[in-house]
Q: 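Have a look at this one.
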Amino acid sequence: MDGISARNLRMEFGDFVAVKDVSFEVASGEFVTLLGPSGCGKTTLLKMISGFVTPTGGQIHLAGKNVTDTPPEKRDTALCFQSYALFPHLTVQENLEFGLRQKKVGQTDRKERLDAVIENLDLSLHLAKLPNQLSGGQQQRVALGRALVMRPNVILFDEPLSNLDAKLRDQVRIEIRRIQRDFGLTAIYVTHDQAEALAMSDRVFVMNGGRIEQADTPEELYSAPKTSFVADFIGSANVLEAQVKSTNGNGEIELTTPLGRLVATSSNPPKSSKVKICWRPEHADMSANGENQLTARVKHRAFQGHFTDLHVDAGGAEYRVQTNKPAIREGDVVTFSLRPDQIVLLEAVA
Ligand code: ATP
């Protein structure tokens, strides 16, 4: 295949295993984000793909070629860091050209590649400036341009937006995605910002403790998390334990939970007689008298503009509920229902 293929990639630092036998495929032209908490192994995995770290086990193929032991400069990859790492004494133009000159790319080809990147990244007004005469966003664009002129098959990003303010992040985020599409690049993007991951990616690999816990589209991760870790990490979720009482042929599953009897529907059978389940705060429906009726007392209320966030007490535990009824106050008793198909079955409980 043309993209990236990893088989049982492993990285040990002494006794510590930072990446634990990870396997995945990334299609050519796909934008994949590695998302997870600090220390879960995202950067280490990215460094193995770029060649800056040699795995202690497993194999990696780029465009069908085994590159496991190939040094970074011999791989068809380019890396874009959070610190832009521009040469401070070289102008923007010289920074952009640097890699091409090193690779001894001919003048005509060099000019054609530079012109395309300068136009695409809107850098023409800044070519004679030094990096310290540029804003953070402009420096980021030069760093991106420097990677793009190399026309890599695979572009790797390590938290490239973390030094930018919120507004600029949104802007550069859209730019990165547009350029990645225009140039048909395969992209791996590392972040611990879930909003960024959901907004940008074709697929997100959610990592936890050196493993990929779930690899799916942003929509699938949100609506059908497979584990409580993913449910909790992507958006907010109410997670609780449930005993499976019965299942029927229609995919209906009757559950005994701390909230009482609940009915869920799922095309997948429960993984065990005792499982974790979750539901999203925004799926609590206060207008309907549907199935899974629940009563709770409001402990805390936070008005958020287009909705109100409620922390409610039900059956002695606290849950989060969102409502568009701003008149609800702390101390009120509320009833809401949960649609069976919005109760998601997660992992088995040991
Ligand atoms: P962050 O979001 O904080 O950057 P990360 O998910 O990118 O985290 P990594 O940098 O991949 O995490 O590190 C994964 C684990 O491996 C961490 O516990 C880290 O301390 C450890 N680690 C990384 N590099 C080394 C090294 N060279 N020697 C020893 N341990 C290391």
Side-chain angles (χ1 to χ4, degrees), residues 4-24 26 30-60 62 67-73 75 77-85 136 139-140 143-144 147 154-166 168-169 172-173 176 186-216 218 221 225-236:
I4 306 168
S5 172
R7 280 284 147 265
N8 302 318
L9 273 186
R10 188 174 177 84
M11 190 65 216
E12 287 155 280
F13 296 109
D15 288 344
F16 179 74
V17 189
V19 174
K20 297 171 183 160
D21 306 311
V22 160
S23 298
F24 60 84
V26 177
E30 194 177 15
F31 193 111
V32 164
T33 296
L34 308 180
L35 174 71
S38 184
C40 70
K42 306 179 292 290
T43 302
T44 305
L45 187 51
L46 196 78
K47 283 183 180 166
M48 288 196 273
I49 299 168
S50 61
F52 287 100
V53 156
T54 307
T56 50
Q59 288 194 338
I60 178 141
L62 296 179
V67 296
T68 315
D69 299 312
T70 307
E73 66 277 9
R75 297 187 185 196
T77 58
L79 193 54
C80 230
F81 291 104
Q82 53 183 289
S83 56
Y84 322 118
Q139 288 184 52
Q140 184 58 59
L144 190 57
V154 175
I155 188 155
L156 307 163
F157 298 96
D158 194 356
E159 308 242 12
L161 309 185
S162 53
N163 291 335
L164 307 183
D165 65 44
L168 205 53
R169 280 171 87 106
V172 181
R173 184 195 275 179
I176 288 181
T186 307
I188 308 269
Y189 188 97
V190 163
T191 184
H192 58 259
D193 179 337
Q194 54 131 328
E196 202 162 282
L198 294 181
M200 293 185 84
S201 321
D202 293 319
R203 278 190 305 152
V204 179
F205 294 179
V206 182
M207 292 188 68
N208 181 20
R211 292 202 166 83
I212 296 177
E213 188 129 338
Q214 188 169 347
D216 256 320
L221 283 175
K226 290 200 168 78
T227 64
S228 45
F229 176 82
V230 175
D232 202 39
F233 201 76
I234 307 281
S236 62

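In each ligand, atom 1 is the first atom listed, and ligand 1 is the first ligand listed. Remember, predicted model here, so these are calculated numbers, not experimental data.
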Q: Heavy atoms under 4.0 Å from ligand 1: which residues qualify?
A: F13, F16, A18, P37, S38, G39, C40, G41, K42, T43, T44
Q: Tell me, please, which residues at least two apart from T77 pass side chain to side chain donor-acceptor pair (under 3.5 Å).
A: none
Q: With sequence neighbours left out, what residues match S228 under side chain to side chain donor-acceptor pair (under 3.5 Å)?
A: E347
Q: Sequence neighbours excluded, which residues qualify as side-chain contact (heavy atoms from CB on, under 4.5 Å) partners of P72?
A: F52
Q: According to the interplanar angle, ranging from 0 to 90°, do the rings of F157 and Y189 count as parallel (below 30°), tilted (30 to 60°) or perpendicular (above 60°)?
A: tilted
Q: Looking only at heavy atoms, which two atoms of P37 and M207 are closest? And how far apart?
A: CD-O, 3.5 Å
Q: Looking at every heavy atom in both P218 and S201, which two are closest together, and how far apart are they?
A: CG-O, 3.5 Å
